[in-house]
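Have a look at the structure below, then the notes.
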Amino acid sequence: MVSGFYKSVYDKVKEIPFGKVATYGQIATLLGRPKSAKLVGWALSSLPFGVPWHRVVNRQGMISIENLRASKDLQAKILKSEGIKVIFKQGNYWVDLKKYLWQN
DNA sequence: CGAATGACCAAGC
DNA sequence: GGCTTGGCCATTC
(Lines give C-alpha, C1' and ligand atoms only; values in the text may rest on other atoms or scores of the structure.)
Protein backbone atom coordinates (compact mmCIF):
# COMPACT_ATOMS: atom_id res chain seq x y z
CA MET A 1 0.00 0.00 0.00
CA VAL A 2 1.51 3.26 -1.07
CA SER A 3 0.39 6.12 1.09
CA GLY A 4 1.59 9.44 2.45
CA PHE A 5 5.08 9.18 3.73
CA TYR A 6 5.88 6.15 1.63
CA LYS A 7 5.00 7.95 -1.56
CA SER A 8 7.28 10.82 -0.57
CA VAL A 9 10.10 8.35 -0.06
CA TYR A 10 9.59 6.80 -3.46
CA ASP A 11 9.40 10.18 -5.18
CA LYS A 12 12.56 11.31 -3.44
CA VAL A 13 14.42 8.15 -4.37
CA LYS A 14 13.43 8.67 -7.98
CA GLU A 15 15.06 12.10 -7.82
CA ILE A 16 18.46 10.61 -7.19
CA PRO A 17 20.42 11.35 -10.37
CA PHE A 18 22.19 8.74 -12.47
CA GLY A 19 25.54 7.79 -11.03
CA LYS A 20 24.78 9.03 -7.52
CA VAL A 21 23.70 7.41 -4.26
CA ALA A 22 21.87 8.67 -1.16
CA THR A 23 21.68 7.47 2.43
CA TYR A 24 18.55 6.58 4.39
CA GLY A 25 19.18 9.33 6.89
CA GLN A 26 19.62 11.85 4.11
CA ILE A 27 16.33 10.97 2.52
CA ALA A 28 14.61 11.00 5.89
CA THR A 29 15.98 14.48 6.50
CA LEU A 30 14.80 15.70 3.11
CA LEU A 31 11.35 14.42 3.94
CA GLY A 32 11.30 16.29 7.25
CA ARG A 33 11.84 13.30 9.54
CA PRO A 34 15.61 13.31 10.26
CA LYS A 35 15.16 11.03 13.26
CA SER A 36 13.25 8.39 11.40
CA ALA A 37 15.65 6.90 8.90
CA LYS A 38 14.09 3.59 9.82
CA LEU A 39 10.90 4.58 8.10
CA VAL A 40 12.81 5.12 4.89
CA GLY A 41 14.34 1.70 5.15
CA TRP A 42 11.00 0.21 5.86
CA ALA A 43 9.39 2.00 2.97
CA LEU A 44 12.03 0.48 0.74
CA SER A 45 11.09 -2.98 1.97
CA SER A 46 7.91 -2.71 -0.05
CA LEU A 47 9.07 -0.81 -3.09
CA PRO A 48 6.82 -0.42 -6.11
CA PHE A 49 8.34 -1.33 -9.43
CA GLY A 50 10.40 1.37 -11.11
CA VAL A 51 12.11 2.89 -8.10
CA PRO A 52 15.94 3.00 -8.20
CA TRP A 53 16.37 1.41 -4.77
CA HIS A 54 19.91 0.40 -5.67
CA ARG A 55 21.00 4.02 -5.27
CA VAL A 56 20.05 3.99 -1.60
CA VAL A 57 22.54 2.69 0.97
CA ASN A 58 23.05 3.07 4.70
CA ARG A 59 25.12 5.70 6.44
CA GLN A 60 28.39 3.95 5.74
CA GLY A 61 27.69 3.39 2.07
CA MET A 62 27.07 -0.26 2.71
CA ILE A 63 24.44 -2.46 1.10
CA SER A 64 23.07 -4.13 4.19
CA ILE A 65 20.60 -6.80 3.17
CA GLU A 66 19.19 -8.87 0.37
CA ASN A 67 15.85 -7.62 -0.85
CA LEU A 68 12.94 -9.75 -1.74
CA ARG A 69 13.20 -8.67 -5.34
CA ALA A 70 16.92 -8.69 -5.87
CA SER A 71 20.14 -9.79 -4.23
CA LYS A 72 23.01 -7.63 -3.09
CA ASP A 73 24.91 -8.99 -6.04
CA LEU A 74 22.36 -7.53 -8.41
CA GLN A 75 22.37 -4.19 -6.63
CA ALA A 76 26.13 -4.01 -6.88
CA LYS A 77 25.88 -4.98 -10.52
CA ILE A 78 23.46 -2.19 -11.33
CA LEU A 79 25.55 0.36 -9.47
CA LYS A 80 28.59 -0.65 -11.48
CA SER A 81 26.64 -0.34 -14.68
CA GLU A 82 25.91 3.27 -13.72
CA GLY A 83 29.57 4.04 -13.37
CA ILE A 84 29.71 3.72 -9.58
CA LYS A 85 32.67 1.89 -8.15
CA VAL A 86 31.52 -0.85 -5.80
CA ILE A 87 33.92 -2.46 -3.36
CA PHE A 88 33.38 -5.91 -1.88
CA LYS A 89 34.59 -5.93 1.71
CA GLN A 90 33.81 -8.01 4.77
CA GLY A 91 31.01 -9.90 3.08
CA ASN A 92 29.22 -6.75 1.95
CA TYR A 93 29.25 -4.29 -0.91
CA TRP A 94 30.31 -0.69 -0.29
CA VAL A 95 30.37 2.51 -2.32
CA ASP A 96 32.52 5.61 -1.86
CA LEU A 97 30.10 8.11 -0.39
CA LYS A 98 32.56 10.97 -0.67
CA LYS A 99 32.56 10.50 -4.42
CA TYR A 100 29.04 9.40 -5.17
CA LEU A 101 26.86 10.86 -2.41
CA TRP A 102 23.97 12.80 -3.89
CA GLN A 103 24.49 16.51 -3.33
CA ASN A 104 21.07 18.06 -3.57
C1' DC B 1 -7.09 1.19 19.30
C1' DG B 2 -2.72 -1.01 21.60
C1' DA B 3 1.35 -3.51 20.35
C1' DA B 4 4.71 -4.99 17.21
C1' DT B 5 7.75 -4.06 13.37
C1' DG B 6 11.55 -2.26 10.46
C1' DA B 7 16.92 -2.22 3.93
C1' DC B 8 18.65 3.03 10.36
C1' DC B 9 21.59 5.93 13.42
C1' DA B 10 24.31 7.52 17.21
C1' DA B 11 25.67 7.02 21.71
C1' DG B 12 27.51 4.03 25.29
C1' DC B 13 30.13 0.14 27.21
C1' DG C 1 37.32 0.04 18.44
C1' DG C 2 33.76 -3.66 17.75
C1' DC C 3 29.33 -4.97 19.80
C1' DT C 4 24.88 -3.77 22.28
C1' DT C 5 21.06 -0.65 23.35
C1' DG C 6 17.69 2.78 22.96
C1' DG C 7 15.05 5.95 20.22
C1' DC C 8 12.61 7.18 16.31
C1' DC C 9 7.53 7.02 14.04
C1' DA C 10 4.45 5.50 9.97
C1' DT C 11 2.29 1.32 8.92
C1' DT C 12 0.39 -3.23 9.82
C1' DC C 13 -1.94 -6.80 12.63
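This structure is a prediction, so every number in the text was calculated from the model and none was measured. Here is how names work: the chains are called A, B, and so on, in the same order as the sequence lines, proteins then strands, and each is numbered from 1.
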So, is A:Ser64 close to the B:dC8 phosphate, meaning a side-chain N or O under 4.0 Å from OP1 or OP2? yes
Closest to the A:Tyr6 side chain: C:dC8, B:dC8, C:dT11? C:dT11
Nearest 0.5 angstrom please: A:Ser64 OG to A:Tyr93 OH, how far? 14.0 Å
Under the criterion side-chain hydrogen bond (donor to acceptor under 3.5 Å, both in side chains), which of A:Glu15, A:Glu82, A:Gln75 is the partner of A:Arg55? A:Glu82
Heavy atoms under 4.0 Å, any strand shown: does A:Leu47 hit a base, just sugar-phosphate, or nothing? base
Quick one: A:Phe5 CZ to C:dT12 P, roughly how many Å, whole number? 13 Å
Could you check how far CD of A:Gln60 sits from P of C:dG1, rounded to whole Å? 14 Å
To the nearest Å, give me how far apart CG (A:Leu97) and C1' (B:dC8) are. 14 Å
For A:Trp42 and C:dA10, what is the distance between atoms CH2 and C1' respectively, to the nearest whole Å? 6 Å
Say whether, by atom type as modelled, one donor and one acceptor occur between the side chain of A:Trp53 and the main chain of A:Leu47 under 3.5 angstrom. no
A:Leu39 or A:Thr23, whichever maps to the more 5' nucleotide of DNA chain B: A:Leu39
Can you measure A:Leu44 atom CG to C:dC9 atom P for me and round it to whole angstrom units? 18 Å
How close or far is atom C1' of C:dT12 from atom NZ of A:Lys38, stated in whole angstroms? 15 Å
Basic-acidic side-chain contact under 4.0 Å: A:Asp73, A:Lys77: no
Tell me: CH2 of A:Trp53 to P of B:dC8, nearest whole Å? 14 Å
Looking at C:dC8, I'd like to know if its phosphate oxygens (OP1 or OP2) sit under 4.0 Å from a side-chain N or O belonging to A:Arg33. no
Rounded distance (Å) that lies between atom P of B:dA10 and atom CE of A:Met62: 14 Å
